[in-house]
Amino acid sequence: QEQVVESGGGSVQAGGSLTLNCAASGITVNTYCMGWFRQVPGKEREGVAGIDHVGRTHYTDFVKGRFTISKDNAKNTLNLQMNNLEPEDTAMYFCAAGSRCLYGGHYDRDWMQTYEYKYWGQGTQVTVSS
């Protein structure tokens with residue numbers, strides 16, 4: 001059964017760091033496009049970072065230079081290193097995986113669209129205090 005499960009969330013002060021992990025089962029991360037999204041109550045889920053099946057990465061403007069997305073193929077995990085966290089980064093963070101990108105399309109443009117991903121985790125909470 002295909003599944004992704006997030007971990008690593010927590011509470012930090014502004015300027016601190018966290019690393020989120022996403023453990024995949026039933027799928028192989030290095031053959032999927034994968035992404036991190038976040039959501040706060042009352043708002044839509046938004047893309048934070050994406051990485052395709054050959055390792056090309058994409059970031060939304062508000063995390064560029066602070067967050068790094070990566071895959072650990074040996075552990076079959078997706079990671080998100082978050083540095084210099086800001087209170088505005090407070091949200092539930094979700095891991096997602098999809099293979100739609102393997103069959104054409106424009107993942108470089110559409111990585112932040114939820115329709116690119118089939119499998120979603122339950123989320124991990126990140127809280128940044130000022």
Side-chain angles (χ1 to χ4, degrees):
Q1 182 178 357
E2 299 87 351
Q3 189 176 11
V4 292
V5 179
E6 306 92 340
S7 62
S11 298
V12 296
Q13 290 191 327
S17 299
L18 281 174
T19 301
L20 303 185
N21 304 107
C22 173
S25 57
I27 62 173
T28 304
V29 299
N30 66 353
T31 63
Y32 274 71
C33 292
M34 301 189 73
W36 285 100
F37 287 71
R38 66 188 188 188
Q39 189 171 22
V40 297
K43 291 191 176 182
E44 291 188 355
R45 193 168 295 188
E46 61 180 6
V48 174
I51 183 168
D52 70 13
H53 55 295
V54 295
R56 289 176 292 229
T57 58
H58 309 278
Y59 299 93
T60 192
D61 286 346
F62 49 78
V63 306
K64 278 182 182 176
R66 299 190 298 124
F67 291 12
T68 302
I69 189 171
S70 63
K71 293 178 180 178
D72 186 329
N73 295 331
K75 295 181 179 179
N76 206 36
T77 60
L78 175 74
N79 306 305
L80 185 69
Q81 175 66 43
M82 304 186 295
N83 297 326
N84 195 20
L85 283 160
E86 303 170 356
E88 293 73 20
D89 295 318
T90 295
M92 184 72 78
Y93 283 72
F94 297 89
C95 169
S99 59
R100 186 177 186 273
C101 61
L102 305 179
Y103 305 103
H106 296 279
Y107 185 76
D108 57 335
R109 178 194 68 197
D110 296 334
W111 65 268
M112 76 290 289
Q113 303 297 335
T114 56
Y115 60 68
E116 284 288 334
Y117 307 94
K118 182 176 181 180
Y119 306 107
W120 292 83
Q122 295 298 307
T124 186
Q125 178 67 36
V126 172
T127 302
V128 185
S129 58
S130 57

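In this text the structure is predicted, and so the values were computed from the model without any measurement.
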(message) For the OG1 atom of Thr31 and the CG atom of Leu102, what is their distance to the nearest 0.5 Å?
(response) 7.0 Å
(message) Hydrophobic clusters here meaning ILVMFWY residues chained together by side-chain heavy-atom distances under 4.5 Å, can you tell me if Phe37 and Leu78 are in one?
(response) no
(request) Treating Ile, Leu, Val, Met, Phe, Trp and Tyr as nodes and any side-chain heavy-atom pair under 4.5 angstrom as an edge, say whether Val5 and Met92 lie in one connected cluster. (result) no
(request) Check whether any side-chain heavy atom of Lys118 lies under 4.5 Å from a side-chain heavy atom of Ile27, and answer yes or no. (result) no
(request) Please answer: with hydrophobic residues joined when any side-chain heavy atoms are less than 4.5 Å apart, are Val4 and Leu80 in the same cluster? (result) yes
(request) Please report the C-alpha distance between Arg38 and Val63 in whole Å, then the side-chain angles of each, then the deciding distance to 0.1 Å, and finally whether the side-chain contact (heavy atoms from CB on, under 4.5 Å) criterion is met. (result) CA-CA 12 Å; Arg38 66 188 188 188; Val63 306; 4.3 Å; yes
(message) If hydrophobic clusters are built from ILVMFWY residues whose side chains come within less than 4.5 Å, do Tyr32 and Met112 share one?
(response) no
(request) Would you please say whether a donor-acceptor pair under 3.5 Å links the side chains of Asn79 and Gln81? (result) no
(request) Say whether Phe94 and Ile69 are linked into one hydrophobic cluster, either directly or through other cluster members, by side-chain heavy-atom distances under 4.5 angstrom. (result) no
(message) Is there a side-chain contact between Thr90 and Gln125 in this structure, where contact means two heavy atoms from C-beta onward sitting under 4.5 Å apart?
(response) yes
(request) Drop me the distance from Glu2's CD to Thr28's OG1, to the nearest 0.5 angstrom. (result) 10.5 Å
(message) Is any side-chain heavy atom of Arg100 closer than 4.5 Å to one of Cys33?
(response) no
(message) Would you say the rings of Tyr107 and His58 are close, in the sense that their centroids are separated by under 6.0 Å?
(response) yes
(message) Is there a side chain to side chain donor-acceptor pair (under 3.5 Å) between Ser129 and Gln13? Walk through the geometry before answering.
(response) CA-CA 5 Å; Ser129 58; Gln13 290 191 327; 4.8 Å; no
(message) Using side-chain heavy atoms (C-beta onward) and a distance below 4.5 Å, is Asp52 in contact with Trp111?
(response) no
(request) Identify the residue among Asp89, Asn84, Asn83 that makes a side-chain hydrogen bond (donor to acceptor under 3.5 Å, both in side chains) with Arg66. (result) Asp89
(message) Within the 4.5 Å heavy-atom criterion, are Tyr59 and Thr68 side-chain neighbours or not?
(response) yes
(request) List the atom of Asp110, the atom of Tyr115, and the distance in Å for their closest heavy-atom pair. (result) CG-OH, 3.6 Å
(request) Check Asp72, Ile51, Asn76 against Val29 for a side chain to side chain contact (heavy atoms under 4.5 Å, CB included) and give me the one that passes. (result) Asn76
(message) Any non-hydrogen side-chain atom of Leu20 less than 4.5 Å from a side-chain atom of Val126?
(response) yes
(request) Supply the atom-to-atom distance Tyr119 OH to Ser25 OG, rounded to the nearest 0.5 angstrom. (result) 10.5 Å
(message) Any heavy-atom pair between the side chains of Trp120 and Arg45 that's under 4.5 Å?
(response) yes
(request) Report, as yes or no, whether the 6.0 Å neighbourhood of atom CD on Gln122 holds more than 12 heavy atoms from other residues, nucleotides or ligands. (result) no
(message) Can you give me the closest heavy-atom contact between Gly35 and Tyr117, atom names plus distance?
(response) N-CE2, 3.6 Å
(message) If I compare all heavy atoms of Val40 with all of Ala91, which pair ends up nearest, and what's the gap?
(response) CG1-CB, 3.7 Å
(message) Angle between ring planes, Tyr93 versus Phe67, binned at 30° and 60°: parallel, tilted or perpendicular?
(response) tilted
(request) For residues His53 and Cys101, determine if any side-chain heavy atom of one lies less than 4.5 Å from a side-chain heavy atom of the other. (result) yes
(request) Please check if the side chain of Glu6 supplies one atom and the backbone of Gly123 the other of a donor-acceptor pair under 3.5 Å. (result) yes
(message) Show the nearest heavy-atom pair for residues Ala14 and Ser130, with the distance to one decimal.
(response) CB-CA, 4.3 Å
